[in-house]
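The structure appears right after this line, and notes come after that.
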Amino acid sequence: MIGKPNVRYSGRVLNRSMDSVLSGHTIYIDSDISVELRNKVLEAASEEGAMAVDGWFAGCSASHVVCEGNSVHRYIGHSNNIVTPLWVLKTAEDRNLQRLVHMSADLARQIGILLEKSQNGIVGEENNVASSTISTRSVRGNASHEERQQIVHLAKTGVRNHRSLRMQTCQNPFRPISPTILLETICWSISEPTSTASIFTDTVSGEDASEHQSVFFDANGDGKDSETSFTNITRSLTESEKNELIFKNHFLTILFPADRFSEMGPSSRTYFSNNGFTRLQILDFIYAFYQENMSVHEIEAAIHTDSRHADRLRSAYCSKETIEHGYTVFKRIDFLGSRKSFEMLKRVSGDNDSNVYELLIRA
């Protein structure tokens with residue numbers, strides 16, 4: 001957590017005096033504190049001989065961090081003294097250092113983690129409420145001024161919480177290493193609702209093969225069958241498996257195959273979740289994408305592909321219904337043909353913290 005500062009900060013020597021109670025101390029004032037209150041704190045600290053720094057990072061020279069309760073999770077466990085604006089003002093008024101409560105560094109870090117999880121949970125609930133009350137269509141085109149203000153407020157709150165991680169790691173945004181593959185144990189047809197998805201359970205045994213298992217024979221050519229058999233069985237997903245967090249990044253980009261024989265390139269879509277993504281969430285994204293009608297741009301390219309599904313699309317494209325309605329109704333899932341069997345999501349080559357995954361499906 002200790003490193004070089006992200007930006008070079010300047011130290012401002014405020015009025016120092018050997019008799020001042022804050023002489024020799026350095027303060028950093030959190031950016032979420034209002035300008036008016038910030039000026040009051042600076043003035044009070046100035047009169048008591050403190051120094052102020054314009055930037056903070058874990059391990060910097062600031063002896064005191066001045067913040068309010070909703071920002072404390074950024075600093076706890078990384079700064080020795082975390083105080084409120086009232087603490088500074090009261091210290092300056094009484095010309096006596098107010099009481100500080102101390103704890104060990106490891107305990108402070110544990111509390112910081114709990115506070116951060118709690119803060120993320122609150123923001124996640126706010127985002128879920130906003131998502132359920134404001135439709136995608138209204139966000140894109142018909143949202144009122146109040147709705148847009150609410151959306152922007154939630155977005156800024158999320159960005160502010162994510163920014164605190166960058167402050168702690170000093171320079172680069174922290175992103176966990178992404179799994180190479182996701183959902184590789186899922187057995188599912190993407191044309192069916194996600195409630196039909198099941199999970200593979202692989203077992204190895206020396207007992208007789210059942211109707212669900214495949215028996216491997218000896219590859220040495222000595223005529224002796226192998227005693228080991230491989231059983232491939234599926235079962236329904238449990239509630240805990242559905243709601244398990246399997247991707248912890250805030251953004252997930254999926255590359256969706258567009259046609260039966262991959263003549264067209266994949267279509268991409270990016271999703272955001274403040275708390276990461278669960279197994280069921282990702283499956284729902286895939287199902288919802290293919291249940292949507294093809295866009296105008298997709299259709300204009302797809303009518304040039306070579307398949308019987310493209311023939312159907314061309315017929316729909318020039319039908320009377322299309323001419324009357326002004327648009328072509330053709331679901332993406334229907335353009336895939338028999339290519340509906342889910343395999344996995346595979347991370348594209350590149351950085352090991354990439355959030356871009358290719359959807360692999362087969363006929």
Side-chain angles (χ1 to χ4, degrees), residues 131 135-141 181-200 234 237 242 246-247 251-273 277-350 354-363:
S131 298
S135 67
T136 303
R137 182 178 177 183
S138 67
V139 169
R140 290 178 178 174
I181 53 178
L182 295 171
L183 302 172
E184 70 277 10
T185 59
I186 294 295
C187 176
W188 177 49
S189 172
I190 61 173
S191 62
E192 300 297 326
T194 54
S195 59
T196 64
S198 56
I199 191 169
F200 286 114
T234 61
L237 290 165
K242 291 177 181 179
I246 63 171
F247 191 70
F251 293 95
L252 172 64
T253 298
I254 300 178
L255 304 181
F256 294 94
D259 61 310
R260 174 66 178 84
F261 298 109
S262 299
E263 292 181 78
M264 300 166 57
S267 299
S268 68
R269 183 165 293 184
T270 300
Y271 303 92
F272 171 79
S273 174
F277 300 89
T278 65
R279 184 178 277 108
L280 185 59
Q281 271 183 301
I282 298 176
L283 294 178
D284 285 337
F285 292 153
I286 296 170
Y287 178 74
F289 178 84
Y290 283 111
Q291 290 302 311
E292 294 174 2
N293 288 319
M294 298 176 71
S295 68
V296 173
H297 298 295
E298 287 175 306
I299 291 174
E300 289 175 350
I303 58 176
H304 299 283
T305 60
D306 182 12
S307 71
R308 60 188 179 89
H309 314 292
D311 289 335
R312 291 175 52 214
L313 176 60
R314 284 186 283 267
S315 298
Y317 181 75
C318 59
S319 66
K320 291 182 180 180
E321 290 80 4
T322 296
I323 296 172
E324 290 174 358
H325 296 138
Y327 57 90
T328 305
V329 177
F330 203 94
K331 287 187 177 182
R332 293 191 179 103
I333 191 66
D334 295 329
F335 199 62
L336 285 177
S338 60
R339 191 183 178 191
K340 299 174 183 178
S341 182
F342 179 87
E343 288 192 322
M344 67 182 73
L345 289 175
K346 184 177 181 181
R347 190 184 71 206
V348 299
S349 58
S354 171
N355 58 15
V356 182
Y357 283 78
E358 179 185 6
L359 171 62
L360 302 183
I361 53 177
R362 56 180 172 79

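Values below: every heavy atom of this structure, side chains too, minus hydrogens, waters and symmetry copies.
- For E292 and K331, the salt-bridge test fails: no basic side-chain N is under 4.0 Å from an acidic carboxylate O.
- S315 places a side-chain N or O within 3.5 Å of a backbone atom of D311 that can act as its donor or acceptor partner.
- Counting only heavy atoms from C-beta outward, the side chains of K340 and I333 approach each other to under 4.5 Å.
- Side-chain contact between T234 and I199 is absent, with no heavy-atom pair separated by less than 4.5 Å.
- For the atom pair E300 CD and T328 OG1, the distance stands at 9.5 Å (nearest 0.5 Å).
- Rounded to the nearest 0.5 Å, atoms CZ (R312) and OG (S319) are 12.5 Å apart.
- Put simply, the side chain of E298 gets close to the backbone of S295: a donor and an acceptor are under 3.5 Å apart.
- Nearest heavy atom pair, residue F335 against residue A258, reads CD2-O, 3.3 Å.
- The backbone N or O of D259 sits less than 3.5 Å from a side-chain atom of R339, completing a donor-acceptor pair.
- Judged by distance alone, the side chain of T322 and the main-chain N or O of A316 form a donor-acceptor pair under 3.5 Å.
- A 4.5 Å side-chain heavy-atom check between L255 and V356 finds at least one atom pair inside the cut-off.
- To the nearest 0.5 Å, atoms OG (S195) and CH2 (W188) are separated by 10.0 Å.
- Contact record, A302 with M294: CB-CE, 3.7 Å, taken as the closest heavy-atom pair.
- Contact annotation: the side chain of N293 never approaches that of Y327 to less than 4.5 Å [non-hydrogen atoms, C-beta and beyond].
- Nearest heavy-atom pair, D306 versus F261, reported as atom, atom and distance to 0.1 Å: O-CD1, 4.0 Å.
- L182 and I246 make their closest contact through CD2-O, 3.7 Å (heavy atoms, listed as atom of the first residue, atom of the second, distance).
- Here the side chains of L252 and I254 are in contact, with some heavy-atom distance below 4.5 Å.
- Looking only at distances, a side-chain donor or acceptor of R332 sits under 3.5 Å from a matching main-chain atom of F289.
- Put simply, the side chain of L359 reaches to within 4.5 Å of the side chain of I286, judged on heavy atoms.
- A heavy-atom distance below 4.5 Å is found between the side chains of P257 and Y290.
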Derivation of the side chain to side chain contact (heavy atoms under 4.5 Å, CB included) call for I323 and K320: CA-CA 5 Å; I323 296 172; K320 291 182 180 180; 5.6 Å; no
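- Nearest heavy-atom pair across T253 and S268 is CG2-CB, 4.3 Å.
- In this structure, F285 and F277 have perpendicular ring planes: the angle between them is above 60°, well past the 30° mark.
- Rounding to the nearest 0.5 angstrom, the gap separating the CG atom in L313 from the CD1 atom in I303 is 7.0 Å.
- The two residues Y287 and I190 have their closest heavy-atom pair at CD1-O, 3.5 Å.
- The local environment of NZ in K346 is sparse, with at most 12 non-hydrogen atoms from other residues, nucleotides or ligands closer than 6.0 Å.
- Counting heavy atoms from C-beta on, the side chains of L237 and I186 come closer than 4.5 Å.
- Ring centers of Y357 and F247: under 6.0 Å apart, within the cut-off.
- Among M344, E343, R279, the single residue meeting the side-chain contact (heavy atoms from CB on, under 4.5 Å) criterion with L183 is R279.
- Taking CZ from F342 and SG from C187, the interatomic distance works out to 10.5 Å, rounded to the nearest 0.5 Å.
- Inspection of the T305 and S307 side chains reveals no N or O donor paired with an N or O acceptor under 3.5 Å.
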